[in-house]
Structures are given as structure tokens and as C-alpha cells.
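Read through the structure below, which is laid out as C-alpha cells, and then see the notes.
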Amino acid sequence: MDNREQQARREARKKRRRRNQIMVYAVFLILILAMGTGMGFGVFALMKNRKAADEKEQDNQELIEEMLATEESIPSVEPTPDPTPEAPEPTREERLDAYVDERIAAMPLEDKVAGLFVVTPEAITGVGTCIQAGDGTKQALEENPVGGLVYFAKNIQSEEQLKEMLGNTALYAKYPLFIAVDEEGGSVARVGSSIGPRVDSAETIAATGNPENAYQAGVTIGTALHGLGFNVDFAPVADLANVEGSVMQGRSYGTDASEVSGFVTSMVRGLQEQRVSACLKHFPGIGSTTQDTHDGRASSDRTEAQFWAEELAVFQAGIDGGADMVMVSHMAAPALTGNNDPGIFSRVLVTNILREQMGFEGVIITDAMNMSAITEYYAADEASIMAVLAGCDMLLMPEDYEKAYTGVLEAVRNGNIDEERINDSLRRIYRIKYADMAE
């Protein structure tokens, strides 16, 4: 009901009241004249009060009707619900995890298994020495989408040639590749010995007594490698050359764990600031033996207490310093593992100690599996399966890539290796490869 209708009804009520009042007065006047003054006034008062009550009741009823009509004309307003709290913005780590999981979920099993291997370009192309990447490399990577390729001095002719080869290789890859090299400085310098820059050995750098020099070596190497197209350096050496005639003499920063730790973490920082992943080697400390796994079996007689106080302390420092990768050696460490098996096959060493007790969350890679310590005693497929079961994420340079790959693939298909075990390794691998995607 609008305001004009309400006003009209009010005016009508006033007119009825005046009309009714006139009629009442007229009736009462007649009664008074007829019945006498005393009785007339009593009847008049009674009738007047009765009529007033009736009129008030009618007015109240009309007022109620007006209020109800007015209420109906006002649109109803729903109560405003409490605002739903917004979901917190996902963190960088959460975005990265989601990105990685999506890509792994889309990979066929065959590609997942291939992604665990780091091999030489010759292993998948079949050529004698790779010095360029053309259609042969493209086809090889389509058929064998390995996780990484490692290059040596024989693959390097010039800076321009190397940069073009690595650039094309990365372009042809079905999935992001680790493109790796051994570049420690000193005598182990695949790039430095070919096209530079040359960097002093770990032993020479340690002799300065200043870990900042290890950092600068890492920056120099990392800058050069990144500019050429490499993204992984199998360095620094985290071994202690703490026995007479140590196999790591010259390649190690020294014998004292606390001093060596500073040089190792500095080089890790220098490399990774240039976006080249550092790889600590050779866990749990091959410098504690004089035997070379290139030539056959090797074993350390260090006690468990000695390992934890010395060798493992250096690796722990490198892990705490943020190293992306750790390389496990073929050396046996019976005091830690309880047997004389190569370290890459020991679940105690790889999973219980390195992964769980030392808290390493990055990629664990084997040392080169074409060394005599492996090839003289194990077939390529057998060795690869055992390394995966021990907890290694990546398998470096098996003696026969095709045999090794087929062996691991069949082990997953027949249930000897759980596919989720493969997925776990791929998550660690792709967290490094896709790190920039979450920025």
C-alpha cells in the first residue's frame, strides 16, 4: 500500500467518527428529553463509552491492516552470510610439488624408468664420439628419454661447438635433461683442460687456508659451465684424504673434517649461485682407502665412530649447505653397512644413513657403474635393480644402458620394484629440473 492510499483511509476514518458522533448525540438528546434528565445522562454516557470502544477497536484493526500491508510492500532482505575465509596462497614449495606431480602423472612407465639414467651421448646414439647434436641425437632422445647426459673431454672441440651441441641436445629432449660434467679443478677438468678456464686443484686451494678461494673457484667453474649449457657438475670432492696413499690425494681439500667442510660448502655455494647443481662425492668417503674402484673392489677399515666424526661430518656440512646431489661410491664400508658389498647396493648406507639419519632430500646418484668394482661382479641389469632398491635415485653410466634399462623396467612391471618407488625418485629429480617453474 502506498502513502496516498494510507492517507485516504485516515481521512475516511475521521469522517466516520464525526458522523457517528453526531448520530450518537442526537439519539442521546432524544432519550434525555423523553426519560428525564438523570436517567438520560447515564444512558448517554454508557452509549458514548460503548461507541468509543467500538470505534477504537475498528481503528486499531485498520491500523494493523495498514502495517501488514506496508510490511508486505518492503522487499525482504536476506541476512548477509559471513564471508568465507580465502584459502591461503600456496607456497613456492607447494606450487613446485604440484607442478612436478602433474608432469610425472602424465609420463608413461617406460619414460619414468628412462628418467633414472644418466649416460654418455654415445650410449644412446651408437656413435663413437659425439661432437654434435643433429637428427641422430634427436631420434635417440625420442626413443631413450634418459634423465641426463654426461660429457667428457673427447666431446669438446671448441667453445662454439660445445655450446651448439649442448643447446641442440637440450632442445631435442622430450623432458628436461641434466647435462653434466666432471669439473673439479686441477687434474679433473673436462672443460677446463680443453677450452678453459683452468682452476686450481682442491689440494692447492686448501693450502691457502681460505675457504673463500673455494667459493671463487665454484663461481668461476659455475659461470663457465652455465654459459656453455651444463647444469650439473659432479663436484666438489667431499672426501678426506686421511690415510697414507689415499686414492683422493690431490683431489681432496685435506684431512681435517672441520677445515675441509668450510671449503666444500663454499664451493657448493659458488656453483649453485650460478645455477649449476653441485654433487658431493664420493659418499661415505672413498678417501679413506687406497684402492681405486675403477680397477676393482675397494673397502674402508674405518670404524663407525670414525666415519661419523670425520667423513660423514663433511658430507653433512655439504648437505646443510644446500647441495642438490650426492654421489655414492662403490667402496664397501662394513663398519656402516655390515657387509662388503659396494656402497651403492646398501640400503643401510643409502636410505637409512644418508636419506633418513642425515636428512638429505636431494638426488642420490651412483658413481659410474661401468667401473670394474661393478662390472667384474655384476651384470648391468642386476646392478641397476639393486641400486634402485637400495634407494639410489639415478644410475650413472651403466656398462650396458639398454640391458640396465630393460632390467629395471621389467622389475617394475613384475612388482619387484614398486612404481611409486620410481615416482619418489622422479619427484626429487624434477624438483631440481623444474625449480624455476615455481617462481
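In what follows, every heavy atom counts, from backbone to side chain, and hydrogens, waters and symmetry copies are set aside. Everything numeric here is computed off the predicted structure, so don't read it as measured data. By convention here, the first residue in the shown sequence is residue 1.
- A donor-acceptor pair shorter than 3.5 Å cannot be found between the side chains of D135 and Q139.
- Under the rule for a side-chain hydrogen bond (donor to acceptor under 3.5 Å, both in side chains), E183 has no partner lying at least two apart in sequence or in another chain.
- Between N339 and F345, every side-chain heavy-atom pair lies at or beyond the 4.5 Å cut-off.
- The structure places CD of Q316 at 5.0 Å from CD1 of I319, a figure rounded to the nearest 0.5 Å.
- Taking F360 as the reference, nothing meets the ring pair (Phe, Tyr, Trp, His ring centres under 6.0 Å) condition, with sequence neighbours excluded.
- Between E160 and K163, none of the side-chain N atoms (NZ, or NE/NH1/NH2) sits under 4.0 Å from a carboxylate O, so this pair counts as no salt bridge.
- For E273, the side chain to side chain contact (heavy atoms under 4.5 Å, CB included) partners are Y215, R269, not counting sequence neighbours.
- Side-chain contact between F178 and I432: present, with at least one pair of heavy atoms (C-beta onward) separated by less than 4.5 Å.
- Considering I179, V119, L396 as possible partners of V150, the one that fulfils the side-chain contact (heavy atoms from CB on, under 4.5 Å) test is L396.
- Remark: side-chain polar atoms of T351 are paired, donor with acceptor, to backbone N or O of A390 under 3.5 angstrom.
- The side-chain heavy atoms of L336 and E304, taken from C-beta on, include a pair separated by under 4.5 Å.
- Cation-pi contact between R95 and Y99: absent, since separation from the ring centre below 6.0 Å together with deviation from the ring axis within 45° is not met.
- In this structure, the separation between CE on M248 and NE2 on H282 is 5.0 Å, given to the nearest 0.5 Å.
- Side-chain contact between I374 and I344: present, with at least one pair of heavy atoms (C-beta onward) separated by less than 4.5 Å.
- Seen from the ring of Y377, R297 counts as a face-on cation partner, given the 6.0 Å and 45° thresholds.
- Scored by the side chain to side chain contact (heavy atoms under 4.5 Å, CB included) test, A379 finds D381, E382, K403 as partners (sequence neighbours excluded).
- For the ring pair (Phe, Tyr, Trp, His ring centres under 6.0 Å) condition, the pairs that include at least one residue of residues 216-263, sequence neighbours left out, are Y253-F263.
- Contact of the M325 side chain with the D393 side chain is not registered, since no non-hydrogen atoms from C-beta on lie closer than 4.5 Å.
- With sequence neighbours excluded, the residues that form a side-chain hydrogen bond (donor to acceptor under 3.5 Å, both in side chains) with T289 are Q291.
- The 12-atom threshold is not exceeded at CD of E164, counting heavy atoms of other residues, nucleotides or ligands nearer than 6.0 Å.
- Residues forming a side chain to side chain contact (heavy atoms under 4.5 Å, CB included) with V188 (at least two apart in sequence, or on another chain): D182, E184, R190, R251.
- Legend: residues meeting side-chain hydrogen bond (donor to acceptor under 3.5 Å, both in side chains) with D424, ordered by chain and number and at least two apart, are R427.
- Inspection of the N213 and Q216 side chains reveals no N or O donor paired with an N or O acceptor under 3.5 Å.
- Between the side chains of T337 and S346, not a single donor N or O lies within less than 3.5 Å of an accepting N or O.
- Not counting sequence neighbours, K154 has no partner by the salt bridge (charged side-chain N to carboxylate O under 4.0 Å, His left out) test.
- Side chain of E159 to backbone of I195: no donor-acceptor contact under 3.5 angstrom is found.
- Partners of Y378 by side-chain hydrogen bond (donor to acceptor under 3.5 Å, both in side chains), not counting sequence neighbours: none found.
- Residue pairs satisfying the ring pair (Phe, Tyr, Trp, His ring centres under 6.0 Å) criterion with at least one member in residues 123-157, sequence neighbours excluded, are absent.
- Taking K138 as the reference, nothing meets the salt bridge (charged side-chain N to carboxylate O under 4.0 Å, His left out) condition, with sequence neighbours excluded.
- A side-chain donor-acceptor contact under 3.5 Å links N155 and E122.
- Contact check on K112 versus E419 returns a salt bridge, with a Lys/Arg side-chain nitrogen under 4.0 Å from an Asp/Glu carboxylate oxygen.
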